[in-house]
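In what follows, a single structure is set out as structure tokens and then discussed.
Each chain gets a letter, A, B and so on, in the order its sequence line appears, and its residues count up from 1.
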Amino acid sequence: MIKSQLKQRVDHCYQLGVEKGLWTDAAADSYTIEVPKRDGQGDFSTNLAMIVAGKEKRNPREVASQLVELLGGGDALLDKVEIAGPGFVNFFLNRGIWSSVLPKVIEQGDCFGLADFGEGKKVLVEFVSANPTGPLSVGHGRNAILGDSIARVLAAVGYDVQREYYFNDAGRQMRVLGASTKARYLELLGLDNEFPEDGYQGNYIYDIGRRLQEESGDGLKDKDVLFFKDQAQKHIFADIDSTLKRIGIAFDSYFNEHTLYEDGLIDDVVDKLRNKGLVYEKDDATWFKTTEFGQEQDRVIIKNTGEPTYRLPDIAYHREKFRRGFDWMIDIFGADHIATVPDVMAGIRALDLDDSKVTVILHQFVTLLRGGKQVKMSTRKATFVTVDELVDEVGVDALRFFFLMRKPDSQLEFDLDLATSQSQENPVYYVQYAHARLCSIERQAKEQAVAVGELDAADLLLLKEEEELALLKTMAGYPAMIAGAARDLAPHRVIFFLMELAGQFHRYYNKHKVLGENPELTRARLQFCRALRVVLRNGLHLAGLEAPEKM
RNA sequence: GCGCUCGUAGCUCAGCUGGAUAGAGCACCGGCCUUCGAAGCCGGGAGUCGCAGGUUCGAAUCCUGCCGGGCGCACCA
């Protein structure tokens with residue numbers, strides 16, 4: 001916002017210097033404008049002079065002084081420019097400039113912070129993608145929140161985002177599910193049954209059996225495993241859907257692996273690879289020459305049973321994504337899927353597709369702590385915690401907030417006792433409370449019949465407290481934060497921004513009165529608060545969180 | 001053994017394409033409610049950024065090698 005105004009100015013002066021022969025344009029894209037950490041170093045600073053000096057083996061401070069001369073100062077935007085340290089150029093902006101964000105924030109409202117540099121490009125975000133063998137567990141929860149948040153952030157900067165869920169309802173695991181379900185059904189009827197050795201032991205299988213019993217009595221006892229598989233799948237998917245809905249996630253599309261077979265796309269991929277000489281037979285299996293793509297060994301794509309391994313449909317699926325015309329494809333996987341990534345990428349390249357259009361985000365695991373001890377989880381055993389249970393304990397907002405607090409690369413420790421027993425000190429409330437407080441101030445103003453007046457009736461230059469200036473700067477940085485979060489696929493920055501903004505506001509609130517004796521100042525501060533509320537609400541919504549008016 | 005990833009305050013983690021004197025929350029201790037909501041604020045102290053080299057004006061950030069945790073290394077997904 002204000003930074004981009006400054007950036008334009010610096011770019012212009014830099015080019016001016018190029019024309020004058022002061023330096024080359026070698027540093028054009030590599031210098032940055034940042035907010036200095038310490039007071040006295042200005043509102044912004046640039047390392048331009050040091051970059052130029054580095055490239056041209058010159059004295060940075062000398063370059064800086066030439067730049068300063070071109071930049072000028074003492075105008076509407078720039079108050080003064082200084083050289084500091086090893087060659088930083090510090091910008092001191094005209095103090096009044098900061099309050100100019102307020103009208104923009106208030107006018108743009110819900111749209112403040114949005115950008116359009118995504119240019120409407122089609123992005124497919126694939127996430128969750130859990131096969132319907134059981135309810136979503138904690139790991140899926142992180143995947144779901146991460147994927148959804150990335151989708152939200154990308155949409156906010158102008159991408160045309162589609163959320164997709166890829167699943168497979170065939171195969172060995174699903175047969176085991178069917179057999180497990182049938183066994184439980186028979187068991188509930190008091191009949192002989194054989195529970196599979198590696199069957200799914202979760203209680204939800206009993207639940208499904210019970211429902212079948214309620215619906216059909218013992219009429220299903222002679223149905224085959226396939227029937228029970230279909231029934232189990234139907235119920236489990238319904239549960240998954242309701243869980244996702246509960247945490248505010250809606251998919252635009254579901255892609256069933258099965259369609260790849262029906263449409264002959266699996267065979268087609270094999271043919272294509274075979275024609276390129278990248279496939280061979282050995283030990284009754286079909287192998288893909290992944291060694292041609294930098295891997296240590298070739299991989300089997302069709303087993304000696306005639307069944308494809310997971311990587312073949314994965315490759316075919318990604319080719320479908322390309323065919324469907326996406327400009328960018330993002331996969332959100334748990335860290336345990338890391339081995340598949342090179343295989344799929346190799347497949348993509350082997351099919352002459354551009355693998356740089358595919359970005360894989362691998363998130364680390366979630367470790368649950370209960371009673372100070374790590375909860376061991378296994379999908380087969382009944383020892384996993386579901387997303388639903390987590391939501392029951394901590395609520396949707398806390399769930400989203402906690403899952404977003406860490407960058408994907410970090411392991412996430414979720415202390416259930418802490419999240420439940422100390423929910424009063426939960427950071428999500430800290431942020432939401434700031435919003436509620438702002439709403440409360442507005443209500444108070446209304447009750448006291450304070451004349452808020454029109455926006456242009458307030459003298460925003462009265463906002464000159466240190467805390468006000470800091471908050472104005474933070475608000476002005478909101479669009480840049482979103483842009484960065486989108487660029488780096490790092491939605492956790494939204495959370496950190498919200499904590500910072502809320503913290504600054506709480507401090508301000510305790511030190512300065514919004515509704516005071518001076519009507520002019522009160523008017524200005526009410527506008528200020530209105531803008532704060534907009535930014536806080538936008539940020540909360542961007543993270544999929546509620547922005548409560550009362551708590 | 002190989003690959004990926006992480007290692008920053010007692011704990012959990014930020015640190016945005018290398019930048020100026022290293023940040024937050026929690027926990028601990030001490031203060032603040034007759035005044036816009038105390039789910040809040042103020043004050044206190046704590047780190048050889050895993051270790052050792054290297055790259056350069058400058059490294060928590062990039063490179064190499066070790067150490068340690070996690071995840072993978074199937075004709076499972």
Side-chain angles (χ1 to χ4, degrees), chain A residues 29-30 32 34-38 41 45 47 50-51 53-54 59-61 84-88 90 129-131 133 168 171-173 257 282-287 295-297 299-311 313-314 334-342 362 364-365 367 405-415 418 422-430 432-434 436-445 447-448 450 480-481 483-485 487-488 490 492-493 495-496 499-500 502-503 505-516 522 525 529 550-551:
Chain A
D29 295 322
S30 46
T32 57
E34 291 176 5
V35 179
K37 285 175 191 160
R38 303 192 64 81
Q41 297 175 338
S45 74
N47 58 356
M50 288 182 291
I51 301 284
N59 180 338
R61 291 187 67 104
F88 286 102
N90 292 340
S129 294
N131 288 341
T133 57
N168 178 21
R172 201 189 72 87
Q173 303 217 4
E257 179 182 321
K282 192 180 90 179
D283 303 334
D284 292 331
T286 304
W287 296 69
Q295 293 196 42
E296 288 192 0
Q297 48 185 306
R299 303 289 182 185
V300 171
I301 51 173
I302 300 177
K303 301 184 239 179
N304 58 18
T305 61
E307 258 183 324
T309 61
Y310 65 89
R311 36 182 95 81
D314 274 4
D336 54 337
H337 282 64
I338 188 162
T340 78
V341 177
L362 290 165
Q364 295 298 317
F365 279 6
T367 51
M405 273 201 303
R406 257 111 235 187
K407 63 183 172 195
D409 285 341
S410 295
Q411 288 178 52
L412 194 153
E413 193 166 272
F414 206 120
D415 190 327
L418 200 76
Q422 302 206 345
S423 60
Q424 297 299 317
E425 260 111 37
N426 201 312
V428 68
Y429 295 125
Y430 183 79
Q432 291 180 322
Y433 183 57
R437 233 178 191 175
L438 284 160
C439 294
S440 175
I441 292 172
E442 286 184 19
R443 281 194 298 271
Q444 277 289 331
E447 279 172 29
Q448 295 177 17
V450 175
M481 181 279 294
R487 183 196 59 209
D488 299 337
H492 68 283
R493 290 201 202 137
I495 296 299
F496 282 87
M499 302 239 279
E500 174 64 27
F505 168 67
H506 284 310
R507 265 166 264 149
Y508 171 69
Y509 177 89
N510 275 276
K511 194 166 170 186
H512 302 288
K513 254 177 110 67
V514 175
L515 306 172
T522 297
R525 286 185 173 170
C529 286
K550 286 182 184 175
M551 294 174 68

Tell me what A:Gln411 touches on the nucleic acid: a base, only sugar-phosphate, or nothing, going by heavy atoms under 4.0 Å. base
Once you apply the 3.5 Å cut-off to both distances, tell me the Watson-Crick or G-U wobble partner of B:rG40, or none. B:rC32
A:His492 side-chain N/O to B:rG15 phosphate OP1/OP2 under 4.0 Å: yes
Taking every heavy atom of A:Ala335 against every heavy atom of A:Leu362, the minimum-distance pair comes out as CA-CD2, 4.3 Å
Using every non-hydrogen atom in the two residues, find where A:Pro342 and A:Ala339 come nearest and quote the distance to one decimal. CD-O, 3.4 Å
Between B:rG15 (P) and A:Arg493 (CZ): distance, integer Å: 6 Å
Within this structure, what is the CD-to-C1' distance between A:Gln41 and B:rU21, rounded to whole angstrom? 9 Å
Can you tell if the side chain of A:Thr367 reaches within under 4.5 Å of the side chain of A:Phe414, non-hydrogen atoms only? no
Check A:Asp488 with A:Arg493, please: is the shortest side-chain N to carboxylate O separation under 4.0 Å? yes
Nucleotide of B:rG37, B:rA77, B:rC6 approaching A:Gln444 most closely (side-chain heavy atoms): B:rG37
Answer with yes or no whether A:Asn47 presents, from its side chain, a donor or acceptor under 3.5 Å of a partner atom in the base of B:rA20. no
Work out how far the C1' atom of B:rC73 is from that of B:rU64, and round it to whole angstrom. 24 Å
Report which part of the nucleic acid A:Met481 touches: base, sugar-phosphate, or nothing (heavy-atom distance under 4.0 Å, all strands). nothing
Options B:rA20, B:rC75, B:rC16, nucleotide nearest the side-chain atoms of A:Asn304: B:rC75
For the P atoms, the ones on B:rA46 and on B:rU56, what distance do you get once it is rounded to whole angstrom? 36 Å
Between C1' of B:rC73 and NE2 of A:His337, the distance in whole Å: 15 Å
What is the distance from CD1 of A:Ile338 to C1' of B:rA77, rounded to the nearest Å? 15 Å
Distance-minimising heavy-atom pair for A:Lys550 and A:Arg443: CG-NH2, 3.5 Å
B:rG40 P sits how many Å from A:Tyr509 OH, rounded? 13 Å
Out of B:rC36, B:rA74, B:rC71, whichever nucleotide has its closest atom nearest the side chain of A:Arg299: B:rA74
Are A:Arg507 and B:rC42 close enough that a side-chain N or O sits under 4.0 Å from OP1 or OP2? yes
Separation between CD1 of A:Ile302 and OG1 of A:Thr286, rounded to the nearest 0.5 Å: 4.0 Å
Between B:rC6 and B:rC51 - C1' atom distance, rounded Å: 16 Å
Identify, between A:Ala285 and A:Glu500, the residue whose nearest nucleotide on RNA chain B lies closer to the 5' end. A:Glu500
Under 4.0 Å, heavy atoms only, any strand: does A:Asp283 hit a base, just the sugar-phosphate, or nothing? base
For A:Ser440, answer base if it contacts any base atom (sugar-phosphate contacts may also be present), sugar-phosphate if it contacts only those atoms, and nothing otherwise; contact means non-hydrogen atoms under 4.0 Å. base
Pairwise C1' distance, B:rG31 and B:rA9 [rounded to whole Å]: 24 Å
Looking across every strand, which nucleic acid part, if any, lies under 4.0 Å from A:Arg487 by heavy atom: base, sugar-phosphate, or nothing? sugar-phosphate
On the side chain of A:Asp336, is there an atom forming a donor-acceptor pair with the base of B:rC71 - under 3.5 Å, no angle test? no
Whole-angstrom distance between B:rC41 and B:rA24, as gauged at atom P: 13 Å
In Å, rounded to the nearest 0.5 Å, how long is the span from CG of A:Asn426 to CD of A:Gln432? 8.5 Å
Assign each of A:His512 and A:Ser30 the nucleotide of RNA chain B bearing its closest heavy atom; nearer the 5' end lies the nucleotide of A:Ser30
Under 4.0 Å from OP1 or OP2 of B:rC36: is there any side-chain N or O of A:Lys513 that close? no
Would you mind classifying the nucleic acid contact of A:Ala53 as base, sugar-phosphate or nothing, using non-hydrogen atoms under 4.0 angstrom? nothing
Rounded to the Å, how far apart are A:Tyr430 OH and B:rC41 P? 4 Å
Checking N1-N3 plus N6-O4 or O6-N4 for Watson-Crick, or N1-O2 and O6-N3 for wobble, each under 3.5 Å, the partner of B:rG1 is B:rC73
Which nucleotide in the set B:rC73, B:rG40, B:rA77 lies at the smallest distance from any side-chain heavy atom of A:Tyr433? B:rG40
Would you say the base of B:rA20 and the side-chain of A:Ser45 have a donor-acceptor pair closer than 3.5 Å? yes
What nucleotide, of B:rA39, B:rC76, B:rG19, holds the atom closest to the side chain of A:Pro86? B:rG19
Paired nucleotide for B:rA24 [Watson-Crick or G-U wobble; both distances under 3.5 Å]: B:rU12
What's the CG-C1' distance between A:Asn510 and B:rC36, to the nearest Å? 11 Å
Syn or anti for B:rC63? Use the chi torsion, O4'-C1'-N9-C4 for purines and O4'-C1'-N1-C2 for pyrimidines, with syn inside 90° of 0. anti
Candidates B:rG72, B:rG70, B:rC75 - which lies nearest the side chain of A:Gln364: B:rG70
Contact summary for A:Val300 and A:Thr309, nearest pair of heavy atoms: O-OG1, 2.8 Å
Which heavy-atom pair separates A:Ala285 from A:Asn304 by the least distance, and what is that distance? CB-N, 4.1 Å
B:rG15 OP1/OP2 closer than 4.0 Å to side-chain N/O of A:Lys407: yes
Output the single nucleotide from B:rA14, B:rC71, B:rC41 whose closest atom is nearest the side chain of A:His506. B:rC41
Atom P, compared across B:rC11 and B:rA27: separation rounded to whole Å: 16 Å
Look at all strands and tell whether A:Thr32 reaches a base, only sugar-phosphate, or nothing, counting heavy atoms closer than 4.0 Å. base
OP1 or OP2 of B:rC57 sitting under 4.0 Å from any side-chain N/O of A:Arg61? no
Need the pair for B:rG65. Rule: Watson-Crick or G-U wobble, both distances under 3.5 Å, any strand; none if unpaired. B:rC51
Nucleotide nearest A:Arg437 when distance is taken to its side chain, options B:rA77, B:rA38, B:rC16: B:rA38
Looking only at atom C1', what distance separates B:rG7 and B:rA14, rounded to whole Å? 15 Å
Within the structure shown, what part of the strands sits under 4.0 Å from A:Ala339 by heavy-atom distance: base, sugar-phosphate, or nothing? sugar-phosphate
Could you tell me how far B:rG58 sits from B:rG18 if I compare only their C1' atoms? Round to whole Å. 8 Å
Distance check needed: B:rC36 C1' versus A:Gln448 CD, whole Å only. 7 Å
Can you give me the closest heavy-atom contact between A:Glu257 and A:Pro313, atom names plus distance? OE2-CG, 3.5 Å
Just to be sure I understand the rule, does A:Lys550 reach a base, reach only the sugar-phosphate, or reach nothing, if contact means heavy atoms closer than 4.0 Å? base
Counting the atoms with a prime plus P, OP1 and OP2 as sugar-phosphate, which does A:Ala480 contact under 4.0 Å by heavy atoms, base, sugar-phosphate, or nothing? nothing
May I ask whether A:Phe88 stacks on the base of B:rA20, given the cut-offs of 5.5 Å between ring centres and 30° between planes? yes
